[in-house]
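Counting starts at 1 for both ligands and their atoms, in listed order.
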Amino acid sequence: MSHTIQELLLKVHQVNLRYDKQILRDVNFEIHNIVRPDMNQGQVVSLVGRSGVGKTQLFKILAGLIKPSTGKVTIDIDQHEVKPGEVGIIPQNYILFNHRTVYHNLKIGLDFSGKKISEKEEQDIINEYADKFHLREHLKKYPMMLSGGQRQRVSIIQQVLTGNKFILLDEPFSGLDMLMIDRVVDLLLNVSTINDFNTLIIVSHDIENALAISDTAFILANQEGQEGATITEKIDLVSLGFAWNPGIKQNAQFQELVAGMKHRI
Ligand SMILES: Nc1ncnc2c1ncn2[C@@H]1O[C@H](COP(=O)(O)OP(=O)(O)OP(=O)(O)O)[C@@H](O)[C@H]1O
Ligand SMILES: [Mg+2]
(Lines give C-alpha, C1' and ligand atoms only; values in the text may rest on other atoms or scores of the structure.)
(Ligands and ions follow the chains in the order given, each with its own letter.)
Protein backbone atom coordinates (compact mmCIF):
# COMPACT_ATOMS: atom_id res chain seq x y z
CA MET A 1 0.00 0.00 0.00
CA SER A 2 1.60 3.27 -1.03
CA HIS A 3 2.06 6.02 1.52
CA THR A 4 4.53 8.80 2.14
CA ILE A 5 5.94 10.21 5.35
CA GLN A 6 5.73 13.98 5.29
CA GLU A 7 6.05 16.94 7.66
CA LEU A 8 6.97 16.75 11.33
CA LEU A 9 3.87 17.15 13.55
CA LEU A 10 5.17 16.48 17.05
CA LYS A 11 8.63 16.07 18.52
CA VAL A 12 9.73 15.03 21.98
CA HIS A 13 13.17 16.47 22.63
CA GLN A 14 15.38 14.79 25.19
CA VAL A 15 12.71 14.73 27.92
CA ASN A 16 13.76 13.94 31.47
CA LEU A 17 11.45 13.88 34.48
CA ARG A 18 12.72 13.59 38.01
CA TYR A 19 10.82 13.67 41.30
CA ASP A 20 12.61 12.13 44.27
CA LYS A 21 13.90 9.67 41.70
CA GLN A 22 14.26 9.70 37.94
CA ILE A 23 10.98 8.73 36.23
CA LEU A 24 11.71 9.46 32.53
CA ARG A 25 15.17 9.51 30.98
CA ASP A 26 16.18 10.93 27.59
CA VAL A 27 12.82 10.31 25.92
CA ASN A 28 12.98 11.24 22.23
CA PHE A 29 10.55 10.53 19.42
CA GLU A 30 8.87 12.17 16.47
CA ILE A 31 5.49 11.89 14.78
CA HIS A 32 5.25 12.75 11.10
CA ASN A 33 2.26 13.25 8.86
CA ILE A 34 1.52 10.04 6.98
CA VAL A 35 -0.11 10.62 3.63
CA ARG A 36 -2.03 8.00 1.67
CA PRO A 37 -3.40 8.74 -1.78
CA ASP A 38 -7.11 9.50 -2.06
CA MET A 39 -7.88 9.42 1.63
CA ASN A 40 -7.64 11.33 4.89
CA GLN A 41 -5.25 9.14 6.81
CA GLY A 42 -4.44 10.50 10.23
CA GLN A 43 -1.76 9.18 12.57
CA VAL A 44 -2.21 6.71 15.41
CA VAL A 45 0.76 6.25 17.69
CA SER A 46 0.93 4.05 20.78
CA LEU A 47 3.18 4.37 23.78
CA VAL A 48 3.16 1.06 25.57
CA GLY A 49 4.77 0.08 28.83
CA ARG A 50 4.09 -1.74 32.06
CA SER A 51 2.20 -0.30 35.01
CA GLY A 52 4.11 2.38 36.93
CA VAL A 53 6.72 2.88 34.22
CA GLY A 54 5.81 6.55 33.69
CA LYS A 55 3.21 6.53 30.91
CA THR A 56 0.77 8.92 32.59
CA GLN A 57 3.62 11.29 33.43
CA LEU A 58 4.67 11.30 29.79
CA PHE A 59 1.01 11.81 28.81
CA LYS A 60 0.86 14.94 30.98
CA ILE A 61 4.10 16.23 29.47
CA LEU A 62 2.79 15.66 25.94
CA ALA A 63 -0.38 17.58 26.84
CA GLY A 64 1.64 20.48 28.28
CA LEU A 65 0.09 19.85 31.72
CA ILE A 66 3.42 19.32 33.47
CA LYS A 67 6.85 20.59 32.52
CA PRO A 68 9.62 18.04 32.24
CA SER A 69 12.71 18.61 34.40
CA THR A 70 14.63 19.07 31.16
CA GLY A 71 13.70 18.81 27.49
CA LYS A 72 10.53 19.88 25.69
CA VAL A 73 7.67 18.86 23.40
CA THR A 74 7.00 20.81 20.19
CA ILE A 75 3.95 20.52 17.92
CA ASP A 76 2.46 21.63 14.60
CA ILE A 77 4.07 22.78 11.39
CA ASP A 78 5.81 25.68 13.19
CA GLN A 79 7.03 23.34 15.97
CA HIS A 80 6.17 25.61 18.88
CA GLU A 81 6.30 24.34 22.45
CA VAL A 82 3.03 22.67 23.44
CA LYS A 83 0.65 24.65 25.67
CA PRO A 84 -2.20 23.25 27.80
CA GLY A 85 -5.46 23.13 25.80
CA GLU A 86 -3.78 22.62 22.43
CA VAL A 87 -3.94 18.87 22.72
CA GLY A 88 -7.26 17.16 23.39
CA ILE A 89 -6.98 14.82 26.35
CA ILE A 90 -8.93 11.82 27.50
CA PRO A 91 -7.44 11.10 30.91
CA GLN A 92 -7.19 7.68 32.54
CA ASN A 93 -10.43 8.47 34.40
CA TYR A 94 -12.13 10.51 31.74
CA ILE A 95 -14.15 13.43 32.95
CA LEU A 96 -17.39 14.90 31.70
CA PHE A 97 -19.50 17.69 33.11
CA ASN A 98 -21.88 15.65 35.23
CA HIS A 99 -24.51 18.34 35.67
CA ARG A 100 -24.81 18.78 31.88
CA THR A 101 -26.57 16.48 29.44
CA VAL A 102 -24.66 14.49 26.82
CA TYR A 103 -25.86 17.01 24.24
CA HIS A 104 -24.51 19.88 26.30
CA ASN A 105 -21.21 18.11 26.88
CA LEU A 106 -20.78 17.76 23.11
CA LYS A 107 -21.81 21.40 22.64
CA ILE A 108 -19.03 22.39 25.06
CA GLY A 109 -16.54 20.67 22.75
CA LEU A 110 -17.92 22.50 19.73
CA ASP A 111 -17.92 25.86 21.56
CA PHE A 112 -14.26 25.35 22.44
CA SER A 113 -13.43 25.13 18.73
CA GLY A 114 -14.36 28.82 18.44
CA LYS A 115 -16.25 28.19 15.20
CA LYS A 116 -18.95 30.77 14.49
CA ILE A 117 -21.98 28.69 13.58
CA SER A 118 -25.73 28.96 13.96
CA GLU A 119 -27.68 26.96 16.52
CA LYS A 120 -29.15 24.88 13.70
CA GLU A 121 -25.70 24.02 12.33
CA GLU A 122 -24.59 23.17 15.84
CA GLN A 123 -27.54 20.79 16.26
CA ASP A 124 -26.81 19.17 12.91
CA ILE A 125 -23.16 18.54 13.74
CA ILE A 126 -23.93 17.10 17.18
CA ASN A 127 -26.69 14.87 15.76
CA GLU A 128 -24.41 13.68 12.98
CA TYR A 129 -21.71 12.59 15.43
CA ALA A 130 -24.26 11.12 17.81
CA ASP A 131 -25.66 9.00 14.96
CA LYS A 132 -22.25 7.92 13.74
CA PHE A 133 -21.23 6.77 17.21
CA HIS A 134 -24.50 5.30 18.48
CA LEU A 135 -25.28 8.00 21.01
CA ARG A 136 -28.41 9.57 19.53
CA GLU A 137 -30.76 8.02 22.08
CA HIS A 138 -28.56 9.22 24.94
CA LEU A 139 -28.27 12.91 24.06
CA LYS A 140 -30.74 14.04 26.74
CA LYS A 141 -29.19 11.94 29.48
CA TYR A 142 -26.68 13.01 32.09
CA PRO A 143 -23.28 11.27 32.24
CA MET A 144 -24.25 9.37 35.41
CA MET A 145 -27.01 7.64 33.42
CA LEU A 146 -24.54 6.18 30.91
CA SER A 147 -22.34 3.12 31.03
CA GLY A 148 -18.59 3.55 31.33
CA GLY A 149 -18.14 2.78 27.63
CA GLN A 150 -20.83 5.26 26.59
CA ARG A 151 -19.26 7.96 28.77
CA GLN A 152 -15.92 7.30 27.18
CA ARG A 153 -17.38 7.66 23.68
CA VAL A 154 -18.96 10.99 24.63
CA SER A 155 -15.63 12.11 25.99
CA ILE A 156 -13.78 11.12 22.80
CA ILE A 157 -16.32 12.85 20.54
CA GLN A 158 -16.26 15.93 22.76
CA GLN A 159 -12.52 16.16 22.11
CA VAL A 160 -12.97 15.59 18.36
CA LEU A 161 -15.49 18.47 18.28
CA THR A 162 -13.03 20.89 19.85
CA GLY A 163 -11.13 20.73 16.56
CA ASN A 164 -7.84 19.78 18.24
CA LYS A 165 -5.85 17.71 15.78
CA PHE A 166 -3.87 16.01 18.54
CA ILE A 167 -5.83 13.78 20.86
CA LEU A 168 -4.15 11.97 23.69
CA LEU A 169 -5.79 8.97 25.33
CA ASP A 170 -4.57 7.43 28.56
CA GLU A 171 -5.56 3.73 28.84
CA PRO A 172 -8.63 3.96 26.56
CA PHE A 173 -9.26 0.20 26.78
CA SER A 174 -9.15 -0.31 30.53
CA GLY A 175 -12.33 -1.30 32.30
CA LEU A 176 -14.17 -2.15 29.09
CA ASP A 177 -15.46 -5.55 28.03
CA MET A 178 -14.39 -7.06 24.70
CA LEU A 179 -17.38 -5.76 22.77
CA MET A 180 -16.86 -2.23 24.07
CA ILE A 181 -13.16 -2.42 23.24
CA ASP A 182 -14.09 -3.23 19.64
CA ARG A 183 -16.46 -0.23 19.62
CA VAL A 184 -13.72 2.07 20.89
CA VAL A 185 -11.28 0.64 18.35
CA ASP A 186 -13.81 1.41 15.58
CA LEU A 187 -14.43 4.87 16.95
CA LEU A 188 -10.72 5.69 17.10
CA LEU A 189 -10.13 4.35 13.59
CA ASN A 190 -12.99 6.56 12.44
CA VAL A 191 -11.58 9.62 14.17
CA SER A 192 -8.17 8.97 12.66
CA THR A 193 -9.56 9.21 9.15
CA ILE A 194 -11.72 12.33 9.58
CA ASN A 195 -8.74 14.58 8.82
CA ASP A 196 -5.27 13.93 7.39
CA PHE A 197 -3.69 15.82 10.31
CA ASN A 198 -5.63 14.11 13.11
CA THR A 199 -3.11 12.46 15.37
CA LEU A 200 -4.10 10.08 18.15
CA ILE A 201 -1.57 9.17 20.79
CA ILE A 202 -2.58 6.20 22.89
CA VAL A 203 -0.85 5.49 26.16
CA SER A 204 -1.56 1.94 27.26
CA HIS A 205 -0.36 -1.29 28.78
CA ASP A 206 -2.77 -3.19 26.52
CA ILE A 207 -0.30 -4.08 23.76
CA GLU A 208 -2.70 -6.03 21.56
CA ASN A 209 -5.41 -3.39 21.29
CA ALA A 210 -3.00 -0.47 21.12
CA LEU A 211 -0.97 -2.03 18.31
CA ALA A 212 -4.05 -3.16 16.41
CA ILE A 213 -5.03 0.43 15.62
CA SER A 214 -1.59 2.05 15.41
CA ASP A 215 0.74 2.87 12.55
CA THR A 216 3.64 3.24 14.97
CA ALA A 217 4.30 2.03 18.51
CA PHE A 218 7.00 2.97 20.98
CA ILE A 219 7.93 0.86 23.96
CA LEU A 220 8.58 2.79 27.16
CA ALA A 221 10.66 0.65 29.49
CA ASN A 222 13.41 0.60 32.07
CA GLN A 223 16.85 -0.54 31.02
CA GLU A 224 19.13 -2.66 33.17
CA GLY A 225 21.19 -0.56 35.58
CA GLN A 226 19.62 2.76 34.56
CA GLU A 227 17.13 4.82 36.53
CA GLY A 228 14.12 6.18 34.62
CA ALA A 229 12.20 4.80 31.66
CA THR A 230 13.05 5.57 28.08
CA ILE A 231 11.97 4.56 24.56
CA THR A 232 13.60 1.19 24.03
CA GLU A 233 12.00 0.22 20.75
CA LYS A 234 10.08 1.66 17.80
CA ILE A 235 7.70 -0.63 15.93
CA ASP A 236 6.75 0.42 12.43
CA LEU A 237 3.43 -1.36 11.91
CA VAL A 238 3.03 0.07 8.41
CA SER A 239 6.24 -1.56 7.18
CA LEU A 240 5.27 -4.79 8.90
CA GLY A 241 1.99 -4.74 6.97
CA PHE A 242 -0.13 -4.63 10.15
CA ALA A 243 -1.46 -1.08 9.98
CA TRP A 244 -4.87 0.05 8.68
CA ASN A 245 -6.31 -3.43 8.80
CA PRO A 246 -9.45 -3.78 10.94
CA GLY A 247 -9.10 -7.56 11.14
CA ILE A 248 -5.46 -7.55 12.20
CA LYS A 249 -6.08 -9.11 15.63
CA GLN A 250 -6.93 -12.37 13.82
CA ASN A 251 -3.56 -12.42 12.04
CA ALA A 252 -1.13 -15.05 13.41
CA GLN A 253 2.01 -13.01 12.72
CA PHE A 254 0.50 -10.01 14.46
CA GLN A 255 -0.28 -12.18 17.49
CA GLU A 256 3.31 -13.40 17.47
CA LEU A 257 4.55 -9.82 17.57
CA VAL A 258 2.23 -9.04 20.50
CA ALA A 259 3.32 -12.17 22.40
CA GLY A 260 6.99 -11.33 21.86
CA MET A 261 6.52 -7.77 23.07
CA LYS A 262 4.99 -8.87 26.36
CA HIS A 263 8.47 -9.99 27.39
CA ARG A 264 10.11 -6.76 26.34
CA ILE A 265 8.03 -4.23 28.25
N1 LIG B 1 3.87 13.88 41.89
C2 LIG B 1 4.67 12.80 41.98
N3 LIG B 1 5.72 12.77 42.85
C4 LIG B 1 6.53 11.71 42.93
N5 LIG B 1 6.40 10.58 42.17
C6 LIG B 1 5.40 10.55 41.29
C7 LIG B 1 4.47 11.64 41.14
N8 LIG B 1 3.57 11.31 40.19
C9 LIG B 1 3.91 10.07 39.76
N10 LIG B 1 5.00 9.62 40.43
C11 LIG B 1 5.66 8.33 40.20
O12 LIG B 1 5.98 8.22 38.80
C13 LIG B 1 5.96 6.85 38.42
C14 LIG B 1 5.21 6.71 37.11
O15 LIG B 1 3.83 6.95 37.33
P16 LIG B 1 2.77 6.90 36.13
O17 LIG B 1 1.46 7.28 36.70
O18 LIG B 1 3.28 7.71 35.01
O19 LIG B 1 2.78 5.35 35.74
P20 LIG B 1 1.96 4.61 34.57
O21 LIG B 1 2.97 4.00 33.66
O22 LIG B 1 0.97 5.52 34.00
O23 LIG B 1 1.24 3.44 35.37
P24 LIG B 1 -0.26 2.75 35.12
O25 LIG B 1 -0.09 1.83 33.94
O26 LIG B 1 -0.47 2.00 36.38
O27 LIG B 1 -1.23 3.85 34.90
C28 LIG B 1 5.37 6.07 39.58
O29 LIG B 1 6.41 5.41 40.24
C30 LIG B 1 4.76 7.15 40.46
O31 LIG B 1 4.81 6.78 41.81
MG1 LIG C 1 -1.08 5.54 33.89
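Donor-acceptor pairing under 3.5 Å is recorded for the side chains of Q255 and E208. For Q41 and D196, the side-chain atoms include no donor-acceptor pair closer than 3.5 Å. The closest side-chain donor-acceptor pair between H13 and T74 falls under 3.5 angstrom.
Residues R18 and S69 come closest through the heavy atom pair N-OG, 2.9 Å.
Close contacts between ligand 1 and H205 involve ligand atoms 25 (O) [criterion: under 4.0 Å to a heavy atom]. Each of the following atoms of ligand 1 lies closer than 4.0 Å to a heavy atom of E171: 25 (O). Under a 4.0 Å criterion applied to the non-hydrogen atoms of R50, ligand 1 contributes the atoms 21 (O).
In this structure, G49 does not count as a contact residue of ligand 1, since none of its heavy atoms falls inside 4.0 Å of the ligand.
Among protein heavy atoms, atom 28 (C) of ligand 1 sits closest to G52 O, 3.9 Å.
For atom 7 (C) of ligand 1, the protein comes within 4.0 Å by at least one heavy atom. Note that atom 12 (O) of ligand 1 has protein non-hydrogen atoms nearby, at separations under 4.0 angstrom.
Comment: K249 engages D182 in a salt bridge, judged by a side-chain N to carboxylate O separation of less than 4.0 angstrom. A salt bridge does not link K234 with E30: every distance from a Lys NZ or Arg NE/NH1/NH2 to an Asp or Glu carboxylate oxygen is 4.0 Å or more.
With atom 16 (P) of ligand 1 as the reference point, the heavy atom nearest to it among S204, G54, A229 is part of G54.
The Mg ion (ligand 2) has an N, O or S atom of T56 inside 2.8 Å of it.
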Side chain to side chain contact (heavy atoms under 4.5 Å, CB included) between T199 and L10, intermediate numbers included: CA-CA 9 Å; T199 301; L10 180 147; over 6 Å; no

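By the criterion of a heavy-atom distance under 4.0 Å, both the backbone and the side chain of T56 are placed next to ligand 1.
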